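This report concerns only the one structure given below.
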Amino acid sequence: MKRIINAYGTNTRLSGGMMAPEVIAAMAEAARSCFEMPDVQAAASRAIVDATGAEAGIVTAGAAAALMLGAAACIARLDPAAMNRLPDTDGLPDEFIVSRSQRNMYDRALRVAGGRIIEVGIPDRLSGPGVRDASAGEIADAITPRTAAVFHLAGEHAEPPLPDLVRVAHARGIPVLVDAAAQLPPASNLRRFIADGADLVCFSGGKAIGGPQASGILCGRADLVSSALAQMLDLDLPEAQFVAPPEFAPLNQLRFLPHHGIGRVAKVGKEEVAGLVAALRRFVAEVPTARWMARLGALDVPGAVLVPDGAKPGLPLLELRFADRAAAERADAALRARDPAVHVDASRIRRGVLAVNPIALDDADLAELAAALTACCGAAARR
Ligand SMILES: *Cc1c(COP(=O)(O)O)cnc(C)c1O
């Protein structure tokens with residue numbers, strides 16, 4: 001394999017970021033002992049509750065898996081017969097109301113659980129002809145007895161704002177499920193969506209938190225998180241032996257123990273749970289902004305400009321600005337052709353901008369990265 005220097009970010013396609021030594025140590029230690037998985041998730045719940053202010057939390061196999069499990073929880077609630085039937089949702093509330101401007105490639109996770117997406121609103125402010133987007137009133141109007149939840153993709157410019165969504169959904173007794181996978185930093189967002197009233201929130205463990213690449217968090221209301229957990233756990237044991245840890249006490253209300261649920265295909269191991277919890281504690285204790293700044297500061301590249309990431313307070317980027325898109329594409333291709341290949345953030349390449357994102361960089365690669373950027377971009381970036 002050709003190694004890459006990952007200056008793009010924690011993209012799954014590029015294998016995510018790298019884990020700190022104490023995260024790796026936590027995973028290695030977990031791999032040397034056995035536990036009952038409900039107890040492992042109960043320990044994770046305590047750490048997630050500390051970090052988020054939610055009633056309960058579980059570690060999932062990524063934010064997309066958290067979304068699928070969150071959707072399954074909103075559909076089946078604490079009904080074991082419904083859990084056993086998913087993704088068949090005949091007769092169950094299975095509609096997820098979504099502002100049309102928030103449709104995205106990850107919302108397929110809702111459909112994997114059996115959900116159906118009901119789009120609302122016309123995103124004129126994004127398509128150009130106008131200023132409006134879906135309103136809370138339009139969302140409220142779409143709620144019916146078939147509604148499982150209102151879905152919200154968190155983001156700086158998300159419309160309608162989450163508190164407005166929560167108000168109209170809760171007025172009708174409907175939960176709000178939030179995809180906040182990539183909304184860190186700032187670390188304050190760990191608490192923000194729960195504080196705004198969201199019933200379930202998903203975070204990626206492999207992005208800024210710095211946990212295992214295949215980990216995520218689902219946190220929120222104890223009854224919904226417990227339902228999600230019941231649908232992920234391996235439940236192949238005599239029914240009478242199953243005892244819910246106090247963190248997931250709502251599972252004691254189950255009429256009977258369901259079989260393996262829809263989340264059994266996205267299981268997490270004790271190693272991922274231990275790694276995520278270690279990374280989460282580290283992220284909360286010290287948001288890595290200073291470390292990221294130091295990394296970018298060490299890159300001496302003519303013409304490069306240090307800027308804050310517009311959408312993520314606390315994340316600095318090093319921008320390389322080109323005369324036009326074609327020049328940026330030539331530099332990007334030249335960087336990727338090297339060995340090790342250099343991948344930079346190309347999300348704004350249409351505007352002639354490449355950026356170095358520090359999250360997934362290794363300090364040991366900084367000298368080589370600076371040389372590659374200077375060779376491939378230096379002259380062009382000076383425009
Ligand atoms: C990255 C991302 C996901 C998926 O996260 P994983 O942890 O890789 O599963 C879901 N939703 C959004 C908006 C994301 O950016």
Side-chain angles (χ1 to χ4, degrees), residues 6 8-19 23 27 44 48 51-52 57-74 96 98-113 115 117 123 126 149-159 162 165 176-186 189-190 192-193 198 200-220 228 232 262-263 265-269 271-273 275-277 279-280 283 309-312 315 317 343 345-348 357 359-360:
N6 185 1
Y8 203 131
T10 52
N11 302 48
T12 299
R13 173 172 70 83
L14 301 175
S15 72
M18 278 172 290
M19 295 185 296
V23 178
M27 294 183 78
I48 294 168
T52 63
I58 54 175
V59 178
T60 63
L67 267 183
M68 180 191 73
L69 284 164
C74 291
F96 290 81
V98 184
S99 170
R100 188 170 269 113
S101 62
Q102 294 175 24
R103 287 300 316 273
N104 70 90
M105 59 191 171
Y106 294 105
D107 64 27
R108 186 170 202 172
L110 308 176
R111 294 199 291 127
V112 172
I117 291 176
L126 301 175
V150 175
F151 171 78
H152 180 76
L153 175 66
E156 279 309 289
H157 306 292
E159 289 283 341
L162 180 58
L165 265 193
V176 175
L177 168 61
V178 175
D179 179 355
Q183 295 304 305
L184 302 169
N189 275 357
L190 281 168
R192 177 175 154 203
F193 310 111
L200 284 173
V201 182
C202 312
F203 294 103
S204 182
K207 293 181 179 170
I209 291 174
Q213 163 63 7
S215 70
I217 292 171
L218 178 67
C219 62
M232 172 168 64
I262 194 163
V265 297
K267 74 174 181 183
V268 279
E271 298 83 2
E272 278 74 31
V273 177
L276 184 281
V277 169
L280 182 62
F283 181 73
D309 181 304
K312 291 183 188 162
L315 175 64
L317 298 174
H343 288 255
D345 178 348
S347 59
R348 283 168 297 148
N357 179 321
I359 294 188

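Both counts, for ligands and for their atoms, begin at 1 and track the order of listing. In this text the structure is predicted, and so the values were computed from the model without any measurement.
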For a 4.5 angstrom cut-off between non-hydrogen side-chain atoms, does [X] reach [Y]?
{"X": "L280", "Y": "F203", "result": "no"}
{"X": "M232", "Y": "V268", "result": "yes"}
{"X": "L190", "Y": "L184", "result": "yes"}

Which of the numbered atoms in ligand 1 are below 4.0 angstrom from a heavy atom of [X]?
{"X": "G62", "result": "7 (O), 9 (O)"}
{"X": "A64", "result": "4 (C), 5 (O), 6 (P), 9 (O)"}
{"X": "T12", "result": "8 (O)"}
{"X": "A182", "result": "15 (O)"}
{"X": "L153", "result": "13 (C)"}

From [atom1] ([X]) to [atom2] ([Y]), nearest 0.5 Å:
{"X": "Q213", "Y": "T10", "atom1": "CD", "atom2": "OG1", "result": "7.5 Å"}
{"X": "N104", "Y": "D107", "atom1": "CG", "atom2": "CG", "result": "5.0 Å"}
{"X": "D345", "Y": "N11", "atom1": "CG", "atom2": "CG", "result": "7.5 Å"}
{"X": "H157", "Y": "L126", "atom1": "NE2", "atom2": "CG", "result": "10.0 Å"}
{"X": "R108", "Y": "I117", "atom1": "CZ", "atom2": "CD1", "result": "10.0 Å"}

Residue part near ligand 1, for A181, under 4.0 Å between non-hydrogen atoms: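 Side chain only.
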Residue part near ligand 1, for N104, under 4.0 Å between non-hydrogen atoms: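 Under 4.0 Å from ligand 1, N104 contributes no heavy atoms.
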Return the closest protein heavy atom for [atom] as residue, atom name and distance.
{"atom": "atom 5 (O) of ligand 1", "answer": "A63 CB, 3.3 Å"}
{"atom": "atom 4 (C) of ligand 1", "answer": "Y106 CE2, 3.5 Å"}
{"atom": "atom 1 (C) of ligand 1", "answer": "K207 NZ, 1.5 Å"}

Within-cut-off N or O pair, D179 and ligand 1, under 3.5 Å: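 Yes; the residue has a nitrogen or oxygen that sits under 3.5 Å from a nitrogen or oxygen of the ligand.
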Min heavy-atom dist Q213 to ligand 1 below 4.0 Å: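 In this structure, Q213 fails to qualify as a contact of ligand 1 - no heavy atom is under 4.0 Å.
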